[in-house]
Undergrad: 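Let me begin by handing over the structure; questions about it come next.
The chain is numbered in sequence order, starting from 1. The figures that follow rest on heavy atoms only: side chains count, while hydrogens, waters and symmetry mates do not. Counting starts at 1 for both ligands and their atoms, following the listed order.
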Amino acid sequence: MSIKDKPQPSRNRQIANILFLLATVFLTANLILPSLFGSQIPRVPYSLFIDQVQDGEVARASVGQNEIRYQLKGEENQPAQVFSTTPIFDLELPKRLEDNGVEFAAVPPPKNNWFTSLLGWVIPPLIFVAIWQFFIGRAGGVGGPQGALSINKSKAKVYVEGESTKVTFDDVAGVEEAKTELVEIVEFLKNPQRFTSIGARIPKGVLLVGPPGTGKTLMAKAVAGEAGVAFFSISGSEFVELFVGAGAARVRDLFEQAKKKAPCIIFIDELDAIGKSRASAGFYGGNDEREQTLNQLLTEMDGFAAGDATVIVLAATNRPETLDPALLRPGRFDRQVLVDRPDLAGRLKILEIYAQKVKLGSDIDLKAIATRTPGFAGADLANLVNEAALLAARARRETVAQADFAEAIERVVAGLEKKSRVLNDKEKKIVAYHEVGHALVGALMPGGSKVAKISIVPRGMAALGYTLQLPTEDRFLMDEGELRGQIATLLGGRAAEEIVFGSITTGAANDLQRATDLAERMVTTYGMSKVLGPLAYEKGQQNNFLGDGMMNPRRMVSDETAKAIDDEVKDIVETAHHQALTILNQNRELLEKIAQLILETEVIEGDELQKLLGEVNRSENVPATV
Ligand code: ADP
Ligand code: MG
Ligand code: ZN
């Protein structure tokens, strides 16, 4: 994409140029020129001058405050040489000169150069004006006349089709519903009669909603590439300026420009930067600037009536719950398109797009990679392919192998290997048992995905070792048993430490955090507690105006209920803990065997691991849930 409307060289720039020129002239006139010419007069020590005076060699002298210039008596028709010296405080000097017959005079006070003094008067105010202009420029010429001081061009970039790097809908995959929706809009812009002839009206505003990295911005670029109309793109944060009113002016200007170029598309990325609910702003004492910008946007969107110029406003956000309800009203962003994380088939398609750009080995199974990456957004997958290619390049291989992808997935899921973090033998032993504890419980409990690897090589920010569980399929729902299974798996590490060493280390902190969070969500969000019933104690973000985590996210509950919630959470975690202990006690020998093995090899994975985990004792199964 390239930018068509080159920004006009602003007045600021011109003024800055003029100032620069003036400053250069000023400096040349005052500093450089005098020193250039002045440097041709040889300078001598004062004592030499006095000696020459007393020897009667000096013809005439001109005595200034900072400099004495003098001429020696030369031969008749030969230009006498001029010297200069720096005087010291010498009251005797006039007398001495007189005694030795030197013709002398004081230098007249420096004649004020009219040019210099003019510059002295003109330059400071100019600098002041320039600074002023700079700030006015940032403010976008609030309310000012469209004259010298108003620079309120919006920062929107205009994209036009026909660029070499054009993004098309083919570059976007795995978000089919959203694509269909946008293809329809492009269709409308290209061929409006087809819609208007049967009286259909195209939505004025389309809001792309979805988690980060799922391709919202990419899709908007694809619309720009395919629509064949002018495409204004601006990010919500660019509206928000230091000065109140600037954002609003910018919105007004953007829509003005757009209407001139209609039919066209305006794309506002990260709409939440201006579209935050006005109610939530009140808590911080309000944000006037954002509010005015939002109001202006609302006005503009209402402004162009149906049948008027076709301007379609496209916007993207990953926080739709924080948006002001007024924005979502019919006639504004009345159509919301969900751009969600891709499912298995979608991930496969995205991987195919990016795999084209790297050289793949013969053993590559993209389907297997897609299966192992649920929850990855498009951006994650693009990154994954690149990461795998980097690994192959580092190993100086010609093509990317499946193993590179496996390692790349691990890097994303668990972080980078940290060989530098050296554990002592005792720590290593604890980590080994801890991880095998996770693996054994995970292998037995429902809900855990397949245990694919156990490693005691430190990785990422904090993990000293890790157990990699990879899902075998996409899951959209979890039942209570599976959640409890996950909690038990999380506690498996600590349970193993308790059984083997009889003591507890700090290593399980993160496990406990996650287990407790999960248990709390079971009670307060999923209504899975028999005691508390199917109530949502967690406030959905929609109802929680101070969604920035400034307020207790919980519904107002009585003290008894709060206590009951705590009790239930504790009960779930303790039950899971108990389950984990039971499983590990039943499989004590296996725990020992795998732990010893991993202490030697550091990593166990693949068939070897599956065979070992296959030995797990399932006979006397675990006490069921409460
Ligand atoms: P968002 O705006 O939703 O946060 P982006 O559109 O900026 O995400 O996505 C970032 C990058 O990730 C894109 O430039 C593209 O390379 C890749 N990407 C994301 N989603 C997809 C997708 N659905 N198909 C192909 N590539 C994608
Ligand atoms: Mg984006
Ligand atoms: Zn752990």
Undergrad: For atom 7 (O) of ligand 1, find the nearest protein heavy atom and state the residue, atom name and distance (0.1 Å precision).
TA: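 Result for atom 7 (O) of ligand 1: T217 CB, 3.7 Å.
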Undergrad: Please list, in number order, the atoms of ligand 1 under 4.0 Å from a heavy atom of T214.
TA: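 Near T214, meaning under 4.0 Å from one of its heavy atoms, ligand 1 has 3 (O), 8 (O), 19 (C), 20 (N), 21 (C), 23 (N).
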Undergrad: Got an N/O contact under 3.5 Å between L218 and ligand 1?
TA: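 Looking only at distances, the answer is yes, because the N/O contact criterion of under 3.5 Å is met.
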Undergrad: Is there a side-chain contact between Y466 and E410 (heavy atoms, below 4.5 Å)?
TA: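 Of all side-chain heavy-atom pairs linking E410 with Y466, at least one is under 4.5 Å.
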Undergrad: Look at E498 together with R494 and state whether they make a salt bridge at an N to O cut-off of under 4.0 Å.
TA: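 Yes, this pair counts.
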Undergrad: Give yes if a backbone or side-chain nitrogen or oxygen of G213 is under 3.5 Å from a nitrogen or oxygen of ligand 1, and no if not.
TA: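 Indeed, backbone or side chain, G213 has an N or O that close.
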Undergrad: Using a 4.0 Å cutoff against the non-hydrogen atoms of V172, which atoms of ligand 1 qualify?
TA: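 Atoms satisfying the 4.0 Å criterion: 23 (N), 24 (N).
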Undergrad: Between the side chains of T505 and E497, is a donor N or O closer than 3.5 angstrom to an acceptor N or O?
TA: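 A donor-acceptor contact under 3.5 Å links the two side chains.
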Undergrad: Using a cut-off of strictly less than 2.8 Å, determine whether N318 has an N/O/S atom near the Mg ion (ligand 2).
TA: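 Under 2.8 Å: N318 has no N, O or S contact with the Mg ion (ligand 2).
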Undergrad: Kindly confirm or rule out an N or O of G215 lying under 3.5 angstrom from an N or O of ligand 1.
TA: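 Yes; the residue has a nitrogen or oxygen that sits under 3.5 Å from a nitrogen or oxygen of the ligand.
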Undergrad: Based purely on interatomic distance, does M219 place a nitrogen or oxygen under 3.5 Å from a nitrogen or oxygen of ligand 1?
TA: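 Between M219 and ligand 1, no N or O pair is found under 3.5 Å apart.
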Undergrad: Any chance the side chains of Q296 and E300 put a donor and an acceptor closer than 3.5 Å?
TA: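 A donor-acceptor contact under 3.5 Å links the two side chains.
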Undergrad: Tell me, please: is P212 in heavy-atom contact with ligand 1, that is, under 4.0 Å?
TA: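 P212 counts as a contact of ligand 1 under the 4.0 Å cut-off.
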Undergrad: Please check if atom CZ in R514 has more than 12 non-hydrogen atoms from other residues, nucleotides or ligands closer than 6.0 Å.
TA: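 At most 12 heavy atoms, drawn from other residues, nucleotides or ligands, come within 6.0 Å of this atom.
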Undergrad: Output yes when E435 and K453 qualify as a salt bridge under the 4.0 Å nitrogen-oxygen rule, no when they do not.
TA: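 Looking at K453 together with E435, the answer is no, because their closest N to O distance does not fall below 4.0 Å.
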Undergrad: Does this structure show an ion pair linking K611 with E615, if we count only N-O contacts that are shorter than 4.0 Å?
TA: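 Looking at E615 together with K611, the answer is no, because their closest N to O distance does not fall below 4.0 Å.
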Undergrad: Starting from atom 12 (O) of ligand 1, locate the nearest protein heavy atom and write down its residue, its atom name and how far away it is, to 0.1 Å.
TA: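 Nearest protein contact, heavy atoms only, for atom 12 (O) of ligand 1 is A379 CA, 3.2 Å.
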Undergrad: Using a 4.0 Å heavy-atom cut-off, say whether I350 meets ligand 1 through its side chain, its backbone, both or neither.
TA: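 The side chain, only.
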Undergrad: Just checking, any donor-acceptor pair under 3.5 angstrom between side chains of S235 and D269?
TA: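 No, because no side-chain N or O of S235 sits under 3.5 Å from a partner of the opposite role on D269.
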Undergrad: Taking heavy atoms and a distance under 4.0 Å, where does L381 meet ligand 1: side chain, backbone, both or neither?
TA: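 It is neither; nothing of L381 touches ligand 1.
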Undergrad: Where the closest heavy atom to atom 25 (C) of ligand 1 is concerned, which of D170, D171, V339, N386 has it?
TA: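 Looking at heavy atoms only, D171 sits closest to atom 25 (C) of ligand 1.
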Undergrad: Any N/O/S atom from D511 (main chain or side chain) under 2.8 Å of the Zn ion (ligand 3)?
TA: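 For D511, the answer is yes, given that an N, O or S atom comes within less than 2.8 Å of the Zn ion (ligand 3).
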Undergrad: Considering only protein heavy atoms, which is closest to atom 22 (C) of ligand 1, and at what distance to one decimal place?
TA: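 The protein heavy atom lying closest is A173 O, 3.6 Å.
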Undergrad: Scan L381, I369, T371 and name whichever one has a side chain to side chain contact (heavy atoms under 4.5 Å, CB included) with R347.
TA: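 Testing each of L381, I369, T371 against R347, the sole residue satisfying side chain to side chain contact (heavy atoms under 4.5 Å, CB included) is L381.
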Undergrad: Which of the atoms in ligand 1, numbered in the order shown and given with their element, are less than 4.0 Å from a heavy-atom of Y354?
TA: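 Selected atoms, number and element: 15 (C), 16 (O), 17 (C), 18 (N), 25 (C), 26 (N), 27 (C).
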Undergrad: Between K428 and E602, is there a side-chain N and carboxylate O pair less than 4.0 Å apart?
TA: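 E602 and K428: salt-bridged.
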Undergrad: How far is atom 21 (C) of ligand 1 from its nearest protein heavy atom, and which residue and atom name does that atom have?
TA: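 Ranked first by proximity to atom 21 (C) of ligand 1 is G378 CA, 3.7 Å.
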Undergrad: Report yes if the side chains of V175 and M219 come closer than 4.5 Å at any heavy-atom pair, otherwise no.
TA: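 When only atoms from C-beta onward are counted, M219 and V175 do touch, with a gap below 4.5 Å.
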